[in-house]
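A short write-up of the structure that comes next.
Residue numbers start from 1 in every chain, and the chains themselves are labelled A, B, ... in the order their sequence lines are given, proteins ahead of strands. Remember, it's a predicted structure, so these values are computed and weren't measured experimentally.
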Number of protein chains: 2
Amino acid sequence: MRPDDTGRGRPPTMADIAAHLGVSRQLVSLVLRDAPGASDRTRRRVRQVAEQLGYSAHVGARSLRRTRSTDLGVVFTPAHSTEPEIIEHIYPAAAAHGYDLILSAQTAVRATGQAVEELLGHRCAGLIVIGSHLDHAGLRALSRRSPVPVVDVGYGRRNAHYDVVRSAGDVGIAAMVGHLAGLGHRAIAYVDPVAMPAAALRRRGYDRAVRRLGLAADVHAVPGEYVKGDYFDEAGATAGRTLLRRASLPTAVVTPNDHTAVGVLQVLLREGVRVPQDVSVTGFDDAPIARLSSVDLTTVRQDPELMGVAAVRAAVRRIGDAGLAPGEAVVPTALVERGSTAPPGSRRF
Amino acid sequence: MRPDDTGRGRPPTMADIAAHLGVSRQLVSLVLRDAPGASDRTRRRVRQVAEQLGYSAHVGARSLRRTRSTDLGVVFTPAHSTEPEIIEHIYPAAAAHGYDLILSAQTAVRATGQAVEELLGHRCAGLIVIGSHLDHAGLRALSRRSPVPVVDVGYGRRNAHYDVVRSAGDVGIAAMVGHLAGLGHRAIAYVDPVAMPAAALRRRGYDRAVRRLGLAADVHAVPGEYVKGDYFDEAGATAGRTLLRRASLPTAVVTPNDHTAVGVLQVLLREGVRVPQDVSVTGFDDAPIARLSSVDLTTVRQDPELMGVAAVRAAVRRIGDAGLAPGEAVVPTALVERGSTAPPGSRRF
DNA sequence: ACATAGAACTGGCACGTGCTAGTTTTTGTC
DNA sequence: GACAAAAACTAGCACGTGCCAGTTCTATGT
């Protein structure tokens, strides 16, 4: 049934491989960690028997004995739309530096702290915390408690306790406003879901761009509660309804979040407003929903690959030299033009 | 900086706690694993010092020594929309049985096999594979290779090698058709994205319901490639455009996937068709997108909590008795009525 | 044939914990 | 206050691996 059972109930160990070949366990160890000191013939034989017995190294024993850990701990929120994409790209980034990943989820009933605690038990060399619900004080406490460097991927700012990786939200939004102005838009509204952690930064981008272009600011701030899952979407829908009640619609609506943009979009579509012919709508994140061919949202891409790479790089840097001061990596954004934007008053074929 | 440094570069161990109190390491071990044989006073003191030193058990050392593993390995796809929700609910389910979780991602560049291999290195007591891209032969090979029981959460069928957990897709779709018929619909179309793994099962539900109700079957099969990320959405959009080209629209469109439903929805909305006033549209999965207040899709809920509970239960059952034959758990679905359905020809206020 | 260096291989200890089998201390009983 | 029994605590080995310090083998040059 199982691969070559050694008779014992346990999975095969290096000793089993060694016994099988009539060599010492140390030699097997040498081969399996690619250390010098074994002949090619021996390497082949060891590898073959390992395969045959279905050997798999005991991660626990290895981490127990090893001086240097080769694991990075990652905390993430499974239910979030963009975080899992970062996870996906963080694997190769870590592998490039010789690190494995250990994932730990933070959920509604499982706090960041608990996830971190579990990772520390695995003796990771560093911690990457993605989209934590903790504020600065919480993250600082967490960094103090952690014997290894902590990297926060989110919306934090440079500080003395943990590394920060975030996207250039202000620049991204400003670029979007500039793009719309380039298409000929003059009436560009902005929806501001103020309870969103990154809201302030992105809002600054709008304000700055509008001022520089000499346009009239037209901000629709929507209060709310961040913990509520559908807040983003709801905020867009609310702002959309407000817009519809006005005498005239703007020609473009900029939002700092894809879900908020979809909220606006749906409300407009249901009232017979054409997008992008009558109104252009834009988002932020390039979440999966923005890519749906039916939604086809022009948005600001928060590159998950670059975020992952930057996070790993920050962790590796401080693992290498614990004395270094934590840094701040600002990942550039990219404008993704899709079908929800067009010159004002345009008709499509 | 760090919590009470013991002077060594390493994190504190049980021996450190013991030395701090002038007791033996074994006593500390007793207390920390809640074993009998220590006075209340000692328990308090040990716990206090552990806290003070920032002690965290070395998972590796523990798994090395322990007879019985207390970890369940979970393979999942971060980019998928519904799997992360199962992850979220699987934590408490595992905890209820005394198990911790070790997550391992499968991505475009990281095959199921690689994720499993890593988990086996952690010496998990069982493996839960969610939404694997492997077919039955692949899963069978994987189960053979694994020294511990494997549970497949997806679309497999009962077999002798691994446990299967899946939702009752046929029953769910049939219930949806029945619900629409109850609202007065007679022209109920079905979009069939045939490349979707669960497509066949769900299609059977439509066929069965239509036959039972004496309605005319109206199926729009859309071929495609499963690996292509936006296939589901595209399939819906394609089917929607086909429908619009016909002389008359059906009064309801049933789809076996939320993204497909959104594809249909968007195409209809853009052509001025009102949902649900003119046409009702339904999905399957209750993915996050269905809950967006702007989409507000009536759908069939594939309860992620029940899936998680069933998966853990299956794993625990076979961990307890490896001789048991693998089972098949069919998780019931629930109809979630939202705003995309209404009686035919109805006008909302 | 002999020394020599390098390649190939082995011995032994340590990592931090769980568990079984002991030993000491406290408690209860007449 | 002696004795048993229970409670509280300790000794020691084992888990599978990495790494350092040896030891044996093989090739090379004279």
Side-chain angles (χ1 to χ4, degrees), chain A residues 6 8-46 49-50 53-71 98 100 120-125 147, chain B residues 6 8-46 49-50 53-71 98 100 120-125 147:
Chain A
T6 48
R8 319 181 324 159
R10 307 167 175 286
T13 70
M14 289 188 174
D16 294 324
I17 299 175
H20 220 260
L21 284 169
V23 299
S24 71
R25 185 194 57 75
Q26 291 74 3
L27 186 55
V28 174
S29 173
L30 277 187
V31 172
L32 295 183
R33 60 193 149 94
D34 284 320
S39 67
D40 286 352
R41 188 178 110 89
T42 303
R43 287 186 194 283
R44 274 196 305 276
R45 292 172 67 208
V46 167
V49 173
L53 295 182
Y55 173 79
S56 122
H58 192 304
V59 177
R62 169 175 290 172
S63 92
L64 179 58
R65 192 58 190 86
R66 240 175 191 158
T67 324
R68 188 184 88 87
S69 165
T70 61
D71 291 320
D100 291 323
L120 290 181
H122 284 280
R123 296 297 184 269
C124 308
Chain B
T6 48
R8 320 183 324 161
R10 307 166 175 286
T13 69
M14 289 188 174
D16 295 324
I17 299 175
H20 221 261
L21 284 171
V23 298
S24 70
R25 185 193 59 73
Q26 291 74 3
L27 186 55
V28 175
S29 173
L30 277 187
V31 172
L32 295 183
R33 63 194 147 94
D34 284 319
S39 66
D40 286 352
R41 187 178 112 88
T42 304
R43 294 186 127 76
R44 274 195 305 276
R45 292 172 64 207
V46 167
V49 173
L53 295 182
Y55 173 80
S56 122
H58 192 304
V59 178
R62 170 176 288 173
S63 92
L64 179 60
R65 191 60 191 84
R66 239 174 192 161
T67 323
R68 190 183 87 88
S69 166
T70 62
D71 292 319
D100 291 322
L120 290 181
H122 284 280
R123 296 297 183 267
C124 308

Q. Can you check the B/L53 CG to C/dG16 P distance for me, whole Å?
A. 14 Å

Q. Mind checking whether A/L32 and A/M14 have side chains closer than 4.5 Å, heavy atoms only?
A. yes

Donor-acceptor contacts, no H, no angles, side chain residues 53-62 of chain B, under 3.5 Å, sequence neighbours left out:
unit_1: B/S56; atom_1: OG; unit_2: A/R123; atom_2: NH1; d: 3.3
unit_1: B/H58; atom_1: ND1; unit_2: B/G60; atom_2: N; d: 3.1
unit_1: B/H58; atom_1: ND1; unit_2: B/A61; atom_2: N; d: 3.0

Q | Atom pair distance, as rounded to whole Å: CG in A/L32 and C1' in D/dT17 | A | 11 Å

Q) D/dC15, C/dT17, D/dG18: which one has an atom nearest the side-chain heavy atoms of A/R62? A) D/dG18

Q. Considering all heavy atoms of both residues, which atom of B/L21 and which atom of B/R45 are nearest to each other, and what is their separation?
A. CD2-NH2, 3.6 Å

Q | OG1-CG distance between A/T70 and A/D100, expressed to the nearest 0.5 angstrom | A | 5.0 Å

Q: Only counting residues at least two apart or in another chain, list the ones meeting side-chain hydrogen bond (donor to acceptor under 3.5 Å, both in side chains) with B/S69.
A: none

Q: Please tell me if the side chains of B/I17 and B/P12 come closer than 4.5 Å, counting only heavy atoms from C-beta onward.
A: no

Q: Verify the contact: side-chain N or O of B/S29 to OP1 or OP2 of C/dG18, cut-off strictly under 4.0 Å; return yes or no.
A: yes

Q: Using side-chain hydrogen bond (donor to acceptor under 3.5 Å, both in side chains) as the criterion, list what pairs up with A/R68, not counting sequence neighbours.
A: A/Y99

(Q) Rounding to an integer number of Å, can you tell me how far A/L21 CG sits from C/dA8 P? (A) 16 Å

Q) Whole Å only: how far is the NE2 atom of A/H58 from the P atom of C/dC15? A) 18 Å

Q: Do nucleotides 6-13 of chain D as a string where each nucleotide becomes B, S or -: B if the base has a protein heavy atom under 4.0 Å, S if just the sugar-phosphate does, - if no protein is that close.
A: --SBBBB-

Q: Measure the angle between the two terminal helix axes of the helix from C/dA1-D/dT30 to C/dC30-D/dG1, five base pairs each, and quote it to 10°.
A: 30°

Q: Would you kindly give the CZ-to-C1' distance between B/R123 and D/dC15, to the nearest whole Å?
A: 11 Å

Q.
Per the salt bridge (Lys or Arg N to Asp or Glu O under 4.0 Å) rule, what does the pair list look like for residues 25-37 of chain A, sequence neighbours excluded?
A. A/D34-A/R47

**Q.** Length of the CZ-C1' vector between A/R33 and D/dT17, whole Å
**A.** 9 Å

**Q.** Atom pair distance, as rounded to whole Å: CD1 in A/I17 and C1' in D/dG16
**A.** 12 Å

Q | Spacing of A/R10 atom CZ relative to D/dT17 atom C1', expressed in whole Å | A | 15 Å

